[in-house]
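As structure tokens, the structure follows; a few thoughts come after it.
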Protein chains: 2
Amino acid sequence: MIDKYTGHLSTHEKDSIEEALRVMRKASLLVRNIETYFSAHNLSQLRFLILIVIDREANRSSLYAHEIATRLDVSRPVLTRTLKKLVEDGLLTSSNDEEDKRSKKIALTEKGASCLSEVLPGYFSEINKLMG
Amino acid sequence: MIDKYTGHLSTHEKDSIEEALRVMRKASLLVRNIETYFSAHNLSQLRFLILIVIDREANRSSLYAHEIATRLDVSRPVLTRTLKKLVEDGLLTSSNDEEDKRSKKIALTEKGASCLSEVLPGYFSEINKLMG
DNA sequence: TAAATATAGTTACCATGATAACTAGTTTAA
DNA sequence: TTAAACTAGTTATCATGGTAACTATATTTA
């Protein structure tokens with residue numbers, strides 16, 4: 001495909017493009033496999049990552065919603081919606097902050113933490129399956 | 001992050017995982033940049049790829065919708081919707097097949113072809129920017 | 001300190017991906 | 001040669017991403 005459209009490009013540039021297309025294909029395969037794996041556990045990439053960033057945080061048991069949004073580089077409306085569902089599902093709790101009344105503190109429940117430990121081994125093995 | 005969760009994994013497996021996370025991050029950056037570039041041209045990844053697969057087809061000026069779906073590995077409902085918009089936008093034509101009345105032949109219009117040539121150089125340079 | 005600005009989160013709306021269930025043709029097989 | 005199975009495309013519905021515009025609270029600054 002590349003050849004047809006890139007007569008004017010250098011060999012180096014063509015290599016870059018091939019590499020890019022290869023990377024995107026591989027990543028898209030990985031993401032698809034991982035989404036499939038997660039969906040069997042009532043998770044998605046984002047739901048999983050939200051649990052992870054809270055859990056991995058040293059010295060704190062909760063994060064503010066905006067901190068999660070920044071760490072995961074996700075828009076705040078999407079985060080609002082996803083947090084709402086995670087709270088409904090009992091994986092997270094949300095509580096108002098006393099100092100800054102705009103903010104919400106998001107914490108893992110026990111169910112959230114155990115969900116994470118159940119899912120992690122399979123997550124890594126999904127990755128190894130494709131990368132190995 | 002990996003260290004916290006992977007005590008039981010071999011070094012090789014940890015490397016795979018790091019590589020996978022690196023690939024996914026890079027691909028996600030690339031995809032985001034490309035989507036931004038396309039959106040300034042009233043395209044998306046899928047809209048672009050549909051134009052490409054028709055254009056690159058040797059010896060034929062049209063493809064059946066289901067051929068496009070297969071080549072791009074996209075669900076048929078998504079294709080139906082996207083083709084409809086591309087036809088509305090004047091980039092494609094859709095015509096009924098005489099031999100198989102279920103099928104639709106999808107072809108590039110002149111506008112579609114020129115849209116493609118306008119967009120391709122920038123597409124490749126977006127890729128080179130990130131990969132280079 | 002009052003007004004302007006910035007930040008946290010939400011709501012409304014849209015784009016783009018999927019699956020399930022449907023209609024309408026086509027092919028296969030009893 | 002009709003009934004069953006298959007295939008092409010559509011519709012309905014849902015999940016998940018985004019931006020713009022809003023409310024409420026905090027902070028800066030004139």
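Just so it is clear: chains get the letters A, B, ... in the order the sequence lines come, proteins before strands, and each one is counted from 1.
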Closest non-hydrogen atom pair, L30(A) against A20(B)
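For L30(A) and A20(B), the tightest heavy-atom pair comes out as CD1-CB, 3.7 Å.
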R102(B) (side chain) and dT26(C) (base): donor-acceptor pair under 3.5 Å
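No such pair is found, so the answer is no.
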With distance as the sole criterion, do the side chain of R81(B) and the base of dG17(C) form a donor-acceptor contact below 3.5 Å?
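Checked by distance alone, the answer is yes.
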Touch check for [X], heavy atoms < 4.0 angstrom, all strands: base, sugar-phosphate only, or nothing?
X	value
E99(B)	sugar-phosphate
L79(B)	nothing
T82(B)	nothing

State plainly whether the residues E126(B) and K129(B) are in salt-bridge range, i.e. N to O under 4.0 Å.
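A salt bridge links E126(B) with K129(B).
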Please assess E19(B) against R22(B) for the test side-chain contact (heavy atoms from CB on, under 4.5 Å), listing each intermediate value before the final yes or no.
CA-CA 5 Å; E19(B) 166 72 4; R22(B) 203 190 55 73; 3.3 Å; yes
According to a strict under-4.0 Å criterion, is [X] in side-chain N/O contact with OP1 or OP2 of [N]?
X	N	value
T80(B)	dG9(D)	no
K85(B)	dT16(C)	yes
S103(A)	dA8(C)	no
H66(A)	dT7(C)	no
S75(B)	dT19(C)	no
K84(A)	dG9(C)	no

Can you name the one residue among L86(B), L92(B), T93(B), L63(B) that meets side chain to side chain contact (heavy atoms under 4.5 Å, CB included) with L108(B)?
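Exactly one option meets the side chain to side chain contact (heavy atoms under 4.5 Å, CB included) with L108(B), and it is L92(B).
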Let me know, please, whether P77(A) or E98(A) comes out on the 5' side of the other along DNA chain D by nearest nucleotide.
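Whichever sits nearer the 5' end wins; that is P77(A).
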